[in-house]
Amino acid sequence: MVPAEQFLDALKRRAKLLAPSAIATYEANTELATWLLNPLARWTAAAYGPQAFDDAAVGYAKYALGVARAQQIYEKNGRYTPEAMPEIVTGVYEDASYMVPYMWAAILIYAFWPSMIGHLALFRDQFVRQLPANASVLELASGHGVMSLLVAEERPDVRVWGFDISPPAVAVATRLLAVSGHEGRVSFAVQDAIDPRAARDEKQYEGIVSAMLAEHLESPQSLLAAIARRVAPTGAVFFSTALESAQRDHVYEFNHESEPIRLAEDAGLRVQRLVSDGGATGAHVRFQPRATAMILQARVGSAAQRSQEHNA
Ligand SMILES: C[S@@+](CC[C@H](N)C(=O)[O-])C[C@H]1O[C@@H](n2cnc3c(N)ncnc32)[C@H](O)[C@@H]1O
């Protein structure tokens, strides 16, 4: 049995209703899905022991049911109705009993959801494998830390700094890092991605990852501005976000692919590649949950690039 299959077996035991569709996505994309799940299974077993596969499956099931319920309410109300930000901070980001199962789900959906598997392909083939030698990489909202760890696993020459607002998420990332063999090259810390105090860190990163964060912010404009400020003139950004996809902590509603594109362009970035997928639902609904991922670069001559050149 390949290590990845421990997650599938756990889904069959602990998330029976959801297992068939997750396994179908895995089987249609095995090479890509195992690129994520094989190392993740090794780190999971080493950091948390064999019980963690069942915990991950239960987290995945709880999350998927919560998403389905939130989407029904959204379809009825016609707009997102998230909790207020202070409640999201205490009830989601600071609460380990919510955050840890959520983090298992957040990473497993890349292998198990038709709308997310294309993000993994873009991330691996058009971002990680294209980074220049010895690149410095920044991950904003690193959550479980697995995207950063995959960068390190694939690219032994690069260094990665991951930041997240959630202490329990950073604890998960740090625990996986400790068994990954990448401790000298990857670090995780608690930090708000758009806190102006983080602007002290004006390092020019050749790679920036901002995956599934923008929809969690009241002002995603400030995230794109922070990214534009920190990306090196020839660097690349992997940016993704959710569209028409309700959750208790999704506070910014994107309806059209053009909206995050516009925010990126307004910040002085150029879209090089884009994938946007809702999976083949065939459903005729008012709102179709989708996930959009892009590769962005600084636009030559943009305000962002001029200010980088000025500061250099
Ligand atoms: C859906 S998870 C995404 C995790 C990971 N990037 C991924 O793609 O699976 C959203 C993450 O955003 C983090 N987050 C929310 N607001 C943030 C902020 N202002 N600064 C940094 N992280 C934030 C949460 O703690 C959570 O880990």
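Here the structure is a predicted model, which means the values were calculated and not measured. We use all heavy atoms of the structure for the numbers below, so side chains are in, but hydrogens, waters and symmetry mates are not.
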Please determine whether residues [X] and [Y] belong to a single hydrophobic cluster, defined as Ile, Leu, Val, Met, Phe, Trp and Tyr linked transitively by side-chain heavy-atom distances below 4.5 Å.
X    : Y    : result
V275 : L150 : yes
V146 : V100 : yes
M85  : M212 : yes
L149 : F163 : no
V160 : V237 : no

Just to verify, what does [X] make a side-chain hydrogen bond (donor to acceptor under 3.5 Å, both in side chains) with, not counting sequence neighbours?
X    : answer
Y110 : none
Y63  : Q247
Q51  : D55
S222 : S219

[X] [atom1] to [Y] [atom2] distance, which is reported to the nearest 0.5 Å:
X    : Y    : atom1 : atom2 : answer
S21  : W113 : OG    : CH2   : 9.5 Å
Y98  : K62  : OH    : NZ    : 8.5 Å
I295 : Q272 : CD1   : CD    : 9.0 Å
Q288 : Q71  : CD    : CD    : 9.5 Å
M294 : R270 : CE    : CZ    : 15.0 Å
D249 : E83  : CG    : CD    : 8.0 Å

Going by the side chain to side chain donor-acceptor pair (under 3.5 Å) test, which pairs reach into [range], not counting sequence neighbours?
range            : result
residues 5-18    : R13-D54
residues 156-167 : R155-D157
residues 251-262 : Y74-E253, E244-N255, E253-N255, E257-S276, E257-R290, R262-D266

[X] to [Y] - nearest heavy-atom pair and separation:
X    : Y    : value
T241 : A214 : OG1-CB, 3.7 Å
H250 : A246 : ND1-C, 4.3 Å
V190 : P167 : CG2-CA, 3.9 Å
L274 : V271 : CB-CG1, 4.3 Å
G162 : S142 : C-OG, 3.5 Å
A61  : L18  : CA-CD1, 3.5 Å

Could you work out, with side chain to side chain contact (heavy atoms under 4.5 Å, CB included) as the rule, every residue matching A47, not counting sequence neighbours?
R175, L176, V179

Side chain to side chain contact (heavy atoms under 4.5 Å, CB included) partners of L217, counting only residues at least two apart
I194, L213, L223

Between [Y] and [X], is there a side-chain heavy-atom distance shorter than 4.5 Å?
X    : Y    : value
F239 : L269 : no
L177 : H182 : yes
T44  : F7   : yes
L140 : R230 : yes
Q204 : P233 : yes
T34  : Y26  : yes
F127 : L122 : no
I88  : Y93  : yes

Check step by step if side-chain contact (heavy atoms from CB on, under 4.5 Å) holds for V151 and F123.
CA-CA 9 Å; V151 174; F123 178 68; 3.7 Å; yes

Are the side chain of [X] and the backbone of [Y] linked by a donor-acceptor contact shorter than 3.5 Å?
X    : Y    : answer
Q297 : A236 : no
E75  : F287 : yes
S240 : A293 : no
Q130 : D125 : yes

D277: salt bridge (Lys or Arg N to Asp or Glu O under 4.0 Å) partners, not counting sequence neighbours
none

Excluding sequence neighbours, so at least two apart, what forms salt bridge (Lys or Arg N to Asp or Glu O under 4.0 Å) with E183?
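For E183, no residue satisfies salt bridge (Lys or Arg N to Asp or Glu O under 4.0 Å) once neighbours in sequence are set aside.
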
Apply the test side-chain contact (heavy atoms from CB on, under 4.5 Å) to residues T81 and I73: give CA-CA distance (whole Å), side-chain angles for both, the deciding distance (0.1 Å), then the verdict.
CA-CA 8 Å; T81 50; I73 296 169; 4.1 Å; yes

What do the steps show when you test T292 against F254 for side-chain contact (heavy atoms from CB on, under 4.5 Å), and what is the final call?
CA-CA 10 Å; T292 296; F254 288 112; over 6 Å; no

Classify the angle between the aromatic ring planes of H119 and F238 as parallel (below 30°), tilted (30 to 60°) or perpendicular (above 60°).
perpendicular

What side-chain donor-acceptor pairs closer than 3.5 Å can you find for residues 35-42, not counting sequence neighbours?
from : atom 1 : to   : atom 2 : distance (Å)
W35  : NE1    : E154 : OE1    : 2.8
N38  : OD1    : A4   : N      : 2.9
R42  : NH2    : E153 : OE2    : 3.2

Counting heavy atoms not belonging to R129, are there more than 12 under 6.0 Å from its CZ?
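Yes, the 6.0 Å shell around CZ holds more than 12 heavy atoms from other groups.
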
Full working for side-chain contact (heavy atoms from CB on, under 4.5 Å) between I107 and M147:
CA-CA 8 Å; I107 191 58; M147 306 295 267; 4.3 Å; yes

